[in-house]
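Excluded from the calculations below are hydrogen atoms, water molecules and symmetry mates; all remaining heavy atoms, backbone and side chain alike, are included. Remember, it's a predicted structure, so these values are computed and weren't measured experimentally.
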Amino acid sequence: MTSELSSDTGMSAPNATAPGAAQFVVAEFFAGIGLARLGLERAQVGFEVVWANDLDPQKKEMYAGQFSDAEEHYVLRDIREIASDISSASVPESLSLAWASFPCTDLSLAGGRSGLAGQHSSTFWDFTNVLEAIGERDGAVPPLVVLENVNGFATSHQGADIKAAIERLDGLGYWVDVVTLDARRFVPQSRPRLFMIASTLPQPPADDRRDTELRPAWLNPALDADFRIHRTLLPEPPGLRDTGWTALVDADDDPHVEWWNAARVAKFVDQLSGINLVRMERLSSEPEVSYRTAYRRTRNGVPAWEIREDDVAGCLRTARGGSSKQAVVRMQKGEPLRVRWMTAREYAKLMGADDYVLPSRSSQSVMGFGDAVCVDAVAWLAEHYLQPLLTGELSGSPVPAPRSEPEYRTAV
């Protein structure tokens with residue numbers, strides 16, 4: 001199944017509508033709380049999500065709180081059931097883009113590393129079965145697919161899993177590109193993620209370089225595999241942030257901020273290792289207030305708190321698989337040490353979803369955002385890769401100069 005578009009860039013974009021209207025119809029698989037949709041919309045380049053799917057009712061509830069059309073197009077169903085009958089799930093026709101942030105549980109270092117054979121991450125195969133079913137129904141698979149997951153996808157089973165994924169997409173008629181993009185390029189959170197772009201459209205100009213920001217050397221085994229691989233020439237992404245968290249934190253007197261009592265703070269200090277204790281004492285001696293994030297980890301059976309050195313939050317996670325919530329530590333000369341849990345609003349801001357409508361339960365937000373994709377990373381891909389690929393603007397056009405800050409994101 002291959003695209004019927006020629007390399008003639010004068011032809012209309014696939015599934016385009018009149019100017020001023022949404023041009024590109026999107027189905028968001030494993031939609032969660034809808035941050036991929038927010039990113040595609042933030043880019044303002046013509047993407048419209050008309051169908052979404054997930055299995056988790058709490059995530060659908062958050063999605064519905066943010067998007068008024070959720071009841072019309074959010075299908076709460078297991079992807080395996082959808083793969084067996086796309087008609088009953090109302091999977092739309094004439095898709096321009098199928099987005100899939102499939103579960104990372106079996107691919108991440110925090111999980112069991114069962115890979116694509118694992119209970120959760122094996123849903124990749126079910127998603128590709130959906131693509132195949134769409135191709136049989138519509139006469140062609142969607143011209144563009146994006147799969148998002150953790151960087152561990154590239155090394156799972158010594159790289160065998162990502163090669164198997166590429167081979168499956170190749171068999172459906174796609175050429176495949178793989179890039180890594182860290183949320184830290186847009187927001188003060190370290191959150192590197194892998195994006196696999198698969199397309200049946202004409203291949204745009206290639207990037208012959210190796211070991212770049214978007215495709216570091218550890219991606220070479222996947223990108224050099226013997227399939228239809230294409231390294232698309234793209235602009236360099238914004239640089240990595242090392243500041244911004246202190247400016248982003250909620251106010252000390254915010255009603256949702258709950259500082260720990262003295263006994264709990266003392267226990268926190270007692271569980272700091274030597275290097276982290278020195279770090280805390282140094283920041284506590286400075287006149288300017290500093291906020292840092294901290295994780296509690298277990299080392300040799302002993303719980304220990306670790307404070308980040310930089311003014312950036314660690315990767316947000318869910319409460320599953322032994323991962324923990326992040327604490328916020330306030331330090332300033334002449335002021336007592338203060339510690340608390342990160343708020344739901346801070347979780348949202350660290351994912352680029354500052355104004356997201358939050359549910360009443362903080363734990364629901366923590367789970368929803370911890371499982372999601374950074375809005376701004378999606379927007380960057382949409383603006384610089386996905387929309388230009390769909391319109392043909394990447395073919396033979398100059399690569400735009402790198403920008404230090406995307407237009408859709410003001411500095412934190």
I'd like to know if [X] and [Y] make a salt bridge, using a cut-off of under 4.0 Å between side-chain N and carboxylate O.
| X | Y | value |
| --- | --- | --- |
| Arg317 | Asp371 | no |
| Asp85 | Arg77 | no |
| Arg185 | Glu213 | yes |
| Glu167 | Lys163 | no |
| Arg340 | Asp252 | no |
| Asp182 | Arg193 | no |

* Asked: Does Tyr385 have its ring centroid less than 6.0 Å away from the ring centroid of Phe195?
  ->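 They do not qualify: ring centres at least 6.0 Å apart.
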* Trp175 and Phe227 aromatic centres sub-6.0 Å ->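 That pair fails the under 6.0 Å test.
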* **Pairing residues for Tyr74 by the ring-ring contact (aromatic ring centres under 6.0 Å, His included) criterion, not counting sequence neighbours** =>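 Tyr74: ring-ring contact (aromatic ring centres under 6.0 Å, His included) contacts with Tyr63.
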For the atom pair [atom1] ([X]) and [atom2] ([Y]), what is the distance rounded to the nearest 0.5 Å?
| X | Y | atom1 | atom2 | result |
| --- | --- | --- | --- | --- |
| Asn276 | Glu309 | CG | CD | 9.5 Å |
| Leu219 | Leu194 | CG | CG | 6.0 Å |
| Leu214 | Thr180 | CG | OG1 | 8.5 Å |
| Met342 | Ser362 | CE | OG | 11.0 Å |

Looking only at atom types and distance, does a side-chain atom of [X] sit under 3.5 Å from a main-chain N or O of [Y], one as donor and one as acceptor?
| X | Y | value |
| --- | --- | --- |
| Gln58 | Gln364 | no |
| Asn300 | Val302 | no |
| Asp78 | Arg80 | yes |
| His230 | Pro204 | yes |
| Arg292 | Asp310 | yes |
| Gln189 | Leu350 | yes |
| Arg184 | Arg241 | yes |
| Glu148 | Val373 | no |

* To do: From the options Gln203, Arg215, Arg209, select the one residue that forms a side chain to side chain contact (heavy atoms under 4.5 Å, CB included) with Arg231.
  =>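 Of the listed options, the one satisfying the test is Arg215.
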* Asked: Which of these passes side chain to side chain contact (heavy atoms under 4.5 Å, CB included) with Asp177: Asp207, Leu389, Thr232?
  ->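 Only one option passes, and that is Thr232.
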* For Arg168, what residues pass the side chain to side chain donor-acceptor pair (under 3.5 Å) criterion, not counting sequence neighbours? ->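 Scan of Arg168 (side chain to side chain donor-acceptor pair (under 3.5 Å), adjacent residues dropped) gives Thr128, Asn129, Glu132.
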* CA sep, side-chain torsions, deciding dist, call: Leu386, Trp99, side-chain contact (heavy atoms from CB on, under 4.5 Å) -> CA-CA 11 Å; Leu386 309 183; Trp99 182 285; 4.1 Å; yes
* **Test applied, side-chain hydrogen bond (donor to acceptor under 3.5 Å, both in side chains); reference residue, Lys349; option that passes from Asp354, Asp250, Thr343** =>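 In the set Asp354, Asp250, Thr343, the residue that makes a side-chain hydrogen bond (donor to acceptor under 3.5 Å, both in side chains) with Lys349 is Asp250.
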* To do: Report the relative orientation of the aromatic rings in Phe47 and Phe24; use parallel for angles under 30°, tilted for 30 to 60°, perpendicular for over 60°.
  =>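 It falls in the tilted class, 30° to 60°.
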* Asked: Parallel under 30°, tilted from 30 to 60°, perpendicular over 60°: which one fits the rings of Trp260 and Trp341?
  ->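 Aromatic pair Trp260/Trp341 classed perpendicular.
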* Might you work through the side-chain hydrogen bond (donor to acceptor under 3.5 Å, both in side chains) test for Gln44 and Arg42, ending with a clear yes or no? => CA-CA 5 Å; Gln44 298 182 346; Arg42 177 170 294 173; over 6 Å; no
Atom pairs and distances, donor-acceptor, side-chain atoms in residues 262-270, under 3.5 Å, two or more places apart:
none

* Would you indicate whether the side-chain heavy atoms of Arg191 and Leu316 approach each other to under 4.5 Å? =>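 Side chain of Leu316 against side chain of Arg191, heavy atoms only: contact under 4.5 Å found.
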* Asked: Is there side-chain contact between Tyr356 and Leu358, with heavy atoms separated by less than 4.5 Å?
  ->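 Counting from C-beta outward, Tyr356 and Leu358 do come under 4.5 Å.
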* Asked: What do the steps show when you test Leu95 against Val26 for side-chain contact (heavy atoms from CB on, under 4.5 Å), and what is the final call?
  -> CA-CA 6 Å; Leu95 289 175; Val26 183; 6.0 Å; no
Quick check on [X]: does its [atom1] atom have over 12 non-hydrogen neighbours (other residues, nucleotides or ligands) under 6.0 Å away?
| X | atom1 | answer |
| --- | --- | --- |
| Ile275 | CD1 | no |
| Asp226 | CG | no |
| Asn261 | CG | yes |

* Full working for side-chain hydrogen bond (donor to acceptor under 3.5 Å, both in side chains) between Trp125 and Thr123 -> CA-CA 5 Å; Trp125 305 111; Thr123 50; over 6 Å; no
